[in-house]
Amino acid sequence: MNISHGDVVFQVLANPERETISSAARLLIEVADALDMERLDLEKAGTVNGLRTGTLASMTIIRKLGTGADEDERVASALAPVLRTLEVPEFPIEIYGEPRTGKVKFPYGGPRNYGPYRVVLISVGVGVDPLNPEGEEMDYSADAEDLTID
């Protein structure tokens, strides 16, 4: 992913109530197009202690910082169309540390997911991927060839 200092990266985890990958893909394809997603990953949720069923969707969305008086307002401005598209109410954003990462603060004790796509978590990174803020090269190859010791 090419991420600049003027970008905000949103990593969205959702649990759409779809039993198959293909039905989840059909549900999310218009959202992916509307948000110009960088990445969309789908997997079967399984039944981890009965908490999640159906399909898990991980979405990567990169937006330019919006307008506002300070960084928090600029991030919120960039997030607003994402929340509208996902049909999630607006909640405060908590950003901390260097690199600048955080999350959307869903209320404690509220629903476990939001909107028709059942959004569970939205992680935020200003100029960085919030799931990889140090920017290490990630190797997702299917083989283990790079793990062998000579």
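Excluded from the calculations below are hydrogen atoms, water molecules and symmetry mates; all remaining heavy atoms, backbone and side chain alike, are included.
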- Message: Could you report the tightest heavy-atom contact between G66 and A78, atom names first, then the distance?
- Response: N-CB, 3.9 Å
- Compare every heavy atom of L65 with every heavy atom of H5, then report the nearest pair and how far apart it is. O-CD1, 4.2 Å
- Message: Just so I know, are the side chains of V8 and V124 near enough to count as touching, which here means a heavy-atom distance under 4.5 Å?
- Response: yes
- Message: Main chain of P81, side chain of T85: is a donor-acceptor contact present, judged purely on distance under 3.5 Å?
- Response: yes
- Note on the structure: CD (Q11) and CG (N132) are apart, to the nearest 0.5 Å, by 9.5 Å
- Look at the side-chain heavy atoms of Ile, Leu, Val, Met, Phe, Trp and Tyr, link any pair under 4.5 Å apart, and say whether I29 and I21 land in one connected group. no
- To the nearest 0.5 Å, how far apart are CG in L56 and CG in L42? 9.0 Å
- Message: With a 4.5 Å cut-off on side-chain heavy atoms, are S58 and L40 touching?
- Response: no
- Task: State yes or no: do V9 and V104 share one hydrophobic cluster built from I, L, V, M, F, W and Y residues joined by side-chain heavy-atom distances below 4.5 Å, directly or via other members?
- Result: no
- Task: Could you pull out the closest heavy-atom pair between A14 and M59, with the gap in Å?
- Result: CB-CE, 3.7 Å
- Just how far is it from atom CD of E71 to atom CD1 of I93, taken to the nearest 0.5 Å? 10.0 Å
- Item | Approximate separation, where rounding is to 0.5 Å, of L27 CG and E17 CD | 10.0 Å
- Any donor-acceptor pair under 3.5 Å linking the side chain of R118 with the backbone of N15? yes
- Message: Check for me, please, whether I62 and V82 land in the same ILVMFWY cluster - side-chain distances under 4.5 Å, paths through other members count.
- Response: no
- Query: Pairs in or reaching into residues 73-99: which pass ring-ring contact (aromatic ring centres under 6.0 Å, His included), with residues at least two apart or in two chains?
  - Reply: F91-F106, F91-Y114
- Query: Are any side-chain N or O atoms of S123 and backbone N or O atoms of K103, one a donor and one an acceptor, separated by less than 3.5 Å?
  - Reply: no
- Please name the pair of heavy atoms, one in E19 and one in G54, separated by the smallest distance, quoted to 0.1 Å. OE2-CA, 4.1 Å
- Note on the structure: In terms of heavy-atom contacts, T55 and R18 come closest through OG1-O, 2.7 Å
- Measure the shortest side-chain to side-chain distance between I95 and D72 over non-hydrogen atoms and say whether it is less than 4.5 angstrom. yes
- Message: Take a 6.0 Å sphere around CD of E73 and say whether it holds more than 12 heavy atoms from other residues, nucleotides or ligands.
- Response: yes
- Message: Could you measure the distance from the CG atom of L79 to the CZ atom of R74? Nearest 0.5 Å is fine.
- Response: 14.5 Å
- Query: Quick one: do D7 and R63 make a salt bridge, cutoff under 4.0 Å?
  - Reply: no
- Message: Given V12, which partner from the list V119, T60, L35 fulfils the side chain to side chain contact (heavy atoms under 4.5 Å, CB included) test?
- Response: V119
- Message: Distance check, rounded to the nearest 0.5 Å: R39 atom CZ versus I61 atom CD1?
- Response: 13.5 Å
- Item | Connected via hydrophobic side-chain network under 4.5 Å: L121 and M37 | no
- Are V75 and V128 in one and the same hydrophobic cluster, where Ile, Leu, Val, Met, Phe, Trp and Tyr link if side-chain heavy atoms are under 4.5 Å apart? no
